Visitor: 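One structure, pasted below without further comment.
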Amino acid sequence: MSEEKSLNFLEDIIEQHLAEGRYKHIHTRFPPEPNGYLHIGHASSICLNFGLAKKYGGKCNLRFDDTNPVTEDTEYVDSIMNDIRWLGFEWEGETLYTSDYFDTLYNFAVDLIKKGLAYVDDSTAEEIAATKGSTTEPGKNSPYRNRSIEENLQLFAEMKEGKNKDGEKVLRAKIDMAHPNLLLRDPLMYRIKHAHHHRTGDKWCIYPMYDFAHGQSDSIENITHSICTLEFIHHRPLYDWFIEKLGIYPSKQYEFARRNLSYTVMSKRKLLQLVNEKHVTGWDDPRMPTISGMRRRGYPAQAIVNFCDTVGIAKRENVVDLGVLEFHVREQLNKTALRMMAVLDPVKLIITNYPEGQAEELDMENNPEDENGGTRKVPFSRELWIEREDFMEEPPKKFFRLGPGLTVRLKGAYIIECTGFAKDNNGNVTEIHATYIPESKSGHDTTGLKVKGTIHWVNAPTARTAEVRLYDRLFKVENPAAEEGDFKTYINEHSLEVLPAVYVEPALADAQPGQEFQFLRKGYFAVDSKDSTPGKPVFNRTVTLKDSWAKEQKKD
RNA sequence: AGUCCGAUGGUGUAAUGGUAGCACUACAGAUUUUGGUUCUGUCUGUCUAGGUUCGAAUCCUGGUCGGACUACCA
């Protein structure tokens, strides 16, 4: 039997509810506001809501929380749906929008007015803020708080009809201006915004606030478990208050702590700033923690899902190490990525005893992790490109690469011995000379020799070039949002390094956008979906390989 | 400083009054035609002071520390 998997606190609650018979089936929802692109934090919420529904045989809706027309746009709606599907989830039935409920919500508001629980307030935003009180001081009642029901009905209807300018009036719930929870000090339900809505157009000029839309929308959809992040915890009494006073289906809200990732920021406001101020090329810049950025970077959807699953959820503050995400990315890619050879920082290697003009094609394994991966032909001849860092004039003890007198195997080819090298006037190595052992051919090696090192290479005459983009973490500090001052001062100015023309083996020239490879010994690379052109792929480094040699060197 | 939430190795998360476990990281070793992968092993933890109990990470009380709330945003 498989070992018992422990439950998170929400699964505990749900299993209890199901056991008690409180619900026959659960119904969750993912409720993004279409005002930005989804990021890894949303992925967590998506995996949670859709995952819970799947696990317990329930349903999960997708509902766009589009109550603020000035920040929202269909561009975001489209990207959000795309991202959810890419992650491998599908929502129940039609795509839902809070804006579909505007009529119902309006009637709910009228109902509360009739019950004497809501009133129209002519105060300005400043006046309302000033009379709100503070965490230690109670607030003061608005002078408009005791208008008659008839007057409120009349005034609210006029608000809807557009008789007022923005900000002239609001509708507020009549609760308690001295309540210790500031959210319950007569919260705003409706405000006037003469703005074009991406779906309802100009039909409305009053829009419900989050608190007068979210719980009711959940209720309308018969959501059993409305899961949101911790900062909404104070809203829960209000969520319950509206539902109770309206007498509608009692959805319940549960909160969990949002996930934070080290070396990046997660708030939409900050991400928007990075985009607008051109610190990145867009929402889908491969350095962004957005789903679309990660997709473009080459992170497999399954890796993101696995990451969310293993990190889990709880109610305490957290910063998850980026290394965990990268582990899952490598875990996936190791199984699927085709191995190829590319030389990022080239130096010429000449095999002096290999006849000039001779060439051969060697069989090379596509993926040692995949039995059915097959092989491909890779051209080989006297002149090759190898990695500059694979040669040292005066190699240290445990350097298992090239240096005068040292031997290595050329991956999939022959064992060679370094016999010399040439330098230019500045002391830079310009070419390396070696002799090969014909009997050591890969797969037909009769020499019995054991060499410590194997290096990758690209045949010089047939090499193609491609642009490679190396990415590093976007920020220099673990938790930019928690540091002093502007988070942008912690941006890593070396987060992108462009190599305009690296040498790659010929097969790579035909790589298609979205394809993922492992460049042997250099990392995983994905073909950029935006900037690649036919025959001219651009490769994004998804993640490096683990490098225990680099680690070893750091110790000295 | 009012109200609310939280505190378990470096990180994240389990243990629901009864052996503090898992994953990542780190470290050591084995295997390896990628210094990759794989395999084996090791290190490191219950914020604090009391109390209840045969027994407390868990329950109670006080303290400490961290976070959220005072938008016509969500």
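Because the structure is predicted, anything quoted here is derived from the model rather than measured. Per chain, numbering begins at 1; letters A, B, ... match sequence-line order.
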Visitor: When you measure only distances, ignoring hydrogens and angles, does the side chain of H235(A) come within 3.5 Å of the base of A68(B) through a donor and an acceptor?
Guide: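 No such pair is found, so the answer is no.
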Visitor: If only side-chain N and O atoms of K522(A) are considered, is one of them under 4.0 Å from the OP1 or OP2 phosphate oxygen of G36(B)?
Guide: no
Visitor: Can you figure out which of G35(B), A14(B), G67(B) approaches the side chain of E317(A) most closely?
Guide: G67(B)
Visitor: Quick one: which of G6(B), G35(B), C24(B) gets closest to the side chain of V324(A)?
Guide: C24(B)
Visitor: Which one, C73(B), U33(B), C69(B), comes nearest to the side chain of S442(A)?
Guide: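 My answer, after comparing the listed nucleotides, is U33(B).
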Visitor: Would the distance check show the side chain of Y207(A) and the main-chain N or O of A195(A) forming a donor-acceptor pair, the cut-off being under 3.5 Å?
Guide: yes
Visitor: Would you kindly compare L545(A) and G323(A) by the position of their nearest RNA chain B nucleotide and give the one closer to the 5′ end?
Guide: G323(A)
Visitor: When rounded to the nearest Å, what value does the distance between P atoms of A74(B) and A56(B) take?
Guide: 50 Å
Visitor: At under 4.0 Å between heavy atoms, what does T98(A) touch on the DNA or RNA strands: base, sugar-phosphate, or nothing?
Guide: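 Contact class for T98(A): none.
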Visitor: Starting at the 5' end of RNA chain B and moving along, which residue's nearest nucleotide shows up first, T71(A) or G443(A)?
Guide: G443(A)
Visitor: Would you indicate what V319(A) reaches in the nucleic acid, counting non-hydrogen atoms under 4.0 angstrom: base, sugar-phosphate, or nothing?
Guide: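 Sugar-phosphate: the residue V319(A), judged by heavy atoms under 4.0 Å, touches backbone atoms but no base.
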Visitor: Rounding to an integer number of angstrom, what distance separates G10(B) and A68(B) when you compare their C1' atoms?
Guide: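 Looking at atom C1' only, G10(B) and A68(B) are 26 Å apart.
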Visitor: Give me the distance, rounded to whole Å, that separates C47(B) from U3(B) when you measure between the P atoms they each carry.
Guide: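 24 Å, rounded to whole Å.
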Visitor: With heavy atoms under 4.0 Å as the rule, sort N35(A) into base, sugar-phosphate or nothing.
Guide: nothing
Visitor: Against the six-membered ring of Y263(A), is K476(A) placed for a cation-pi contact (under 6.0 Å from the centre, within 45° of the normal)?
Guide: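 The answer is no; the distance or angle limit is not met.
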Visitor: With a non-hydrogen cut-off below 4.0 angstrom, is T135(A) in contact with a base, only sugar-phosphate, or nothing?
Guide: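 If one applies the 4.0 Å heavy-atom cut-off, T135(A) turns out to touch a base.
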Visitor: Nearest 0.5 angstrom please: W241(A) CH2 to L112(A) CG, how far?
Guide: 6.0 Å
Visitor: Closest approach to the side chain of R259(A), judged atom by atom: which nucleotide of G12(B), A74(B), G35(B) is it?
Guide: G12(B)
Visitor: Quick check: any donor-acceptor pair below 3.5 Å linking the side-chain of Q518(A) to the base of U34(B)?
Guide: yes
Visitor: Would you please confirm or rule out a distance under 4.0 Å between OP1 or OP2 of C73(B) and any side-chain N or O of T67(A)?
Guide: no
Visitor: Under 4.0 angstrom, heavy atoms only, what part of the nucleic acid is I233(A) near: base, sugar-phosphate, or nothing?
Guide: sugar-phosphate
Visitor: Kindly indicate, with the supporting measurements, whether the criterion side-chain contact (heavy atoms from CB on, under 4.5 Å) is fulfilled by I313(A) and L10(A).
Guide: CA-CA 9 Å; I313(A) 56 135; L10(A) 287 172; 3.5 Å; yes
Visitor: I need the CG-P distance between N8(A) and G21(B), as an integer number of Å.
Guide: 22 Å
Visitor: Between G35(B), U33(B), C5(B), spot the one nearest the side chain of W549(A), thanks.
Guide: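 Nearest to the side-chain atoms of W549(A), counting from C-beta on, is G35(B).
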Visitor: Is the centre of the F156(A) ring less than 6.0 Å from the centre of the Y106(A) ring?
Guide: yes
Visitor: Take atom P in G63(B) and the same atom in A28(B), then report the distance between them in whole Å.
Guide: 47 Å
Visitor: Counting only side-chain heavy atoms from C-beta out, which of C72(B), U3(B), G35(B) sits nearest to H234(A)?
Guide: U3(B)
Visitor: Do R259(A) and H42(A) get their side chains close enough for a donor-acceptor pair, meaning under 3.5 Å?
Guide: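 The answer is no; no qualifying pair exists.
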Visitor: K193(A) side chain N/O closer than 4.0 Å to the phosphate oxygens (OP1, OP2) of C73(B)?
Guide: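 Affirmative; the distance criterion is met.
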Visitor: Do R63(A) and Y97(A) form a cation-pi contact, if we require the NZ or CZ to be under 6.0 Å from the six-membered ring centre and within 45 degrees of the ring's axis?
Guide: no
Visitor: Just to be sure I understand the rule, does P31(A) reach a base, reach only the sugar-phosphate, or reach nothing, if contact means heavy atoms closer than 4.0 Å?
Guide: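 It contacts nothing in the nucleic acid.
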Visitor: For this output row, return yes or no: ring centroids of Y299(A) and H328(A) closer than 6.0 angstrom.
Guide: no
Visitor: Return the nucleotide paired to G66(B): Watson-Crick means purine N1 to pyrimidine N3 with N6-O4 or O6-N4, wobble means G-U with N1-O2 and O6-N3, both under 3.5 Å.
Guide: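 G66(B) is paired, partner C5(B).
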Visitor: Need one value for F400(A): base, sugar-phosphate or nothing, where a base atom within 4.0 Å counts as base even if backbone is also close, heavy atoms only.
Guide: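 Base contact.
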Visitor: Looking at U33(B), G35(B), U3(B), which one has an atom nearest to any side-chain atom of K398(A)?
Guide: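 From the listed options, G35(B) comes nearest.
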Visitor: Parallel, tilted or perpendicular, judged at 30° and 60°: which one describes the rings of F487(A) and F475(A)?
Guide: tilted
Visitor: When you compare A57(B) with C69(B), how far apart are their C1' atoms, in angstrom units rounded to a whole number?
Guide: 29 Å
Visitor: Measure from CZ on R258(A) to P on G67(B) and round the result to the nearest Å.
Guide: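 Result: 15 Å.
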Visitor: Roughly how many Å is it from CG in L325(A) to C1' in U25(B), rounded to a whole number?
Guide: 15 Å
Visitor: Given that both distances must come in under 3.5 Å, which nucleotide forms a Watson-Crick or G-U wobble pair with A15(B)?
Guide: none
Visitor: Between A15(B) and A7(B), how many Å separate the two P atoms, rounded to a whole number?
Guide: 12 Å
Visitor: Just checking A125(A): base, sugar-phosphate only, or nothing, at a heavy-atom cut-off of under 4.0 Å?
Guide: base
Visitor: Using a heavy-atom cut-off of under 4.0 Å over every strand shown, decide if I313(A) touches base, sugar-phosphate, or nothing.
Guide: sugar-phosphate
Visitor: So what does F399(A) touch, heavy atoms closer than 4.0 Å: a base, only the sugar-phosphate, or nothing?
Guide: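 Since a base atom lies under 4.0 Å of F399(A), the category is base.
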Visitor: If you look at every strand shown and take non-hydrogen atoms under 4.0 Å, does V311(A) touch a base, only sugar-phosphate, or nothing?
Guide: sugar-phosphate
Visitor: Choosing from C72(B), G35(B), U37(B), which nucleotide comes nearest the side chain of R191(A)?
Guide: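 For the R191(A) side chain, the nearest candidate turns out to be C72(B).
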Visitor: When the C1' atoms of G50(B) and C4(B) are compared, how many Å lie between them, rounded to an integer?
Guide: 26 Å
Visitor: Assign G453(A) to base, sugar-phosphate, or nothing according to its heavy-atom contacts below 4.0 angstrom with the strands shown.
Guide: nothing
Visitor: How close or far is atom P of A74(B) from atom CD1 of I80(A), stated in whole angstroms?
Guide: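 So the CD1-P distance, I80(A) to A74(B), works out to 15 Å.
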Visitor: Just call it for R185(A): base, sugar-phosphate, or nothing, with non-hydrogen atoms closer than 4.0 Å on any strand.
Guide: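 Contact class for R185(A): none.
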Visitor: With respect to the phosphate group of G2(B), does any side-chain polar atom (N or O) of S134(A) fall under 4.0 Å of OP1 or OP2?
Guide: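 No, S134(A) has no side-chain N/O under 4.0 Å of OP1/OP2 on G2(B).
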Visitor: Under the 3.5 Å rule, do the base of U34(B) and the side chain of R521(A) count as making a donor-acceptor pair?
Guide: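 When only heavy-atom distances are counted, R521(A) does not reach the base of U34(B) through any donor-acceptor pair under 3.5 Å.
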Visitor: Which base sits across from U40(B) as a Watson-Crick or G-U pair, both distances under 3.5 Å?
Guide: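 Its partner is A28(B).
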Visitor: Consider the side chain of F232(A), meaning its heavy atoms from C-beta on, and name the nucleotide among A74(B), G12(B), G35(B) that approaches it most closely.
Guide: A74(B)
Visitor: When rounded to the nearest Å, what value does the distance between C1' atoms of U44(B) and C39(B) take?
Guide: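 That atom pair is separated by 23 Å.
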Visitor: May I ask you to evaluate whether R339(A) reaches the phosphate of U34(B), defined as a side-chain N or O under 4.0 Å from OP1 or OP2?
Guide: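 R339(A) to U34(B) OP1/OP2: no side-chain N or O under 4.0 Å.
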Visitor: Determine which nucleotide pairs with U33(B), using a 3.5 Å limit on both distances of a Watson-Crick or G-U wobble pair.
Guide: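 Paired with U33(B), as far as the under-3.5 Å criterion goes, is no nucleotide at all.
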Visitor: Looking at every strand, decide which applies to E369(A) at a 4.0 Å heavy-atom threshold: base, sugar-phosphate, or nothing.
Guide: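 The answer is base, as E369(A) lies within the cut-off (heavy atoms under 4.0 Å) of a base atom.
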Visitor: Go through A74(B), G35(B), G2(B) for me and flag the one nearest to the L182(A) side chain.
Guide: G2(B)
Visitor: Do NZ/NE/NH1/NH2 and the carboxylate oxygens of R258(A) and E231(A) come within less than 4.0 Å?
Guide: yes
Visitor: Rounding to a whole Å, what distance do you find between L520(A):CG and G36(B):P?
Guide: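 Those two atoms, CG and P, are 12 Å apart.
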Visitor: Which one is paired to C59(B), where only Watson-Crick or G-U wobble pairs with both distances under 3.5 angstrom count?
Guide: G51(B)
Visitor: Between K551(A) and A26(B), is there a contact of a side-chain N or O with OP1 or OP2 at under 4.0 Å?
Guide: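 For A26(B), OP1 or OP2 has a side-chain N or O of K551(A) closer than 4.0 Å.
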